[in-house]
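Let me begin by presenting the structure, written as structure tokens, before commenting on it.
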Amino acid sequence: MEITLWKNGTPLSPNKAKSISQYSLPAEQIASNTNTKAIAAYLNRSGGAIWRIFFLHLQNPSKYPIYDQHVHRAMAVVRGLPQREIPTGNAAKVTTYLQEYLPFFSQFAGQPSRRVDRALWAFGKFMKSGYGRLIDSVKA
């Protein structure tokens, strides 16, 4: 599946490919009108929160943006949060995505969501680089 190569950045290992192959099963499909509690239950299933969020995005891209370490970091910098890095546990990632990132992302309504996603990803990646300190020094 080409989309998994794009998401992973490299070919999937056989174990990872087997793990995420479950997402294409009919039981893994989420209706667009599903409530937050059911979405949280879906995202907390086995397979990793970030991959599940990615497949949730593929099913309903206008409602569920992609979420990863870079967009999380961008959100944290923009909001002035002290903890910039994405939480480590899957449950914490799901909670942060649903309670913090979705409301943050919704502030960009009216803008093309893919463009917003790319901008946040690039900014978050920049902030992880050594050059991100330049912005921090300007704010000080």
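Proximity of Tyr42 to Arg52: side-chain heavy atoms (C-beta onward) are separated by under 4.5 Å at one or more points. Taking the side chain as every heavy atom from C-beta outward, Phe105 and Val71 never approach each other to under 4.5 Å. No side-chain heavy atom of Asp68 sits under 4.5 Å from any side-chain heavy atom of Ile86. Contact of the Tyr64 side chain with the Ile30 side chain is not registered, since no non-hydrogen atoms from C-beta on lie closer than 4.5 Å. Under the 4.5 Å side-chain criterion, counting only non-hydrogen atoms from C-beta, Phe123 is in contact with Val78.
Of all heavy-atom pairs between Ala49 and Asn90, the closest is N-OD1, 3.1 Å. Smallest separation of non-hydrogen atoms from Met75 and Thr96: CE-CG2, 4.4 Å. Of all the heavy atoms in His72 and Arg84, the pair that sits closest is CD2-O, 3.2 Å. Nearest approach of Lys63 to Thr34, heavy atoms of both residues: NZ-O, 4.2 Å.
The salt bridge (Lys or Arg N to Asp or Glu O under 4.0 Å) search around Arg115 returns none, not counting sequence neighbours. With sequence neighbours excluded, the residues forming a side chain to side chain contact (heavy atoms under 4.5 Å, CB included) with His57 are Pro61, Ile66, listed by chain and number. Qualifying side chain to side chain contact (heavy atoms under 4.5 Å, CB included) partners for Ile53, counting only residues two or more places apart in sequence or in other chains: Leu43, Tyr67, Tyr97.
Among Lys125, Lys93, Glu85, Lys128, the single residue meeting the side chain to side chain donor-acceptor pair (under 3.5 Å) criterion with Gln69 is Lys128.
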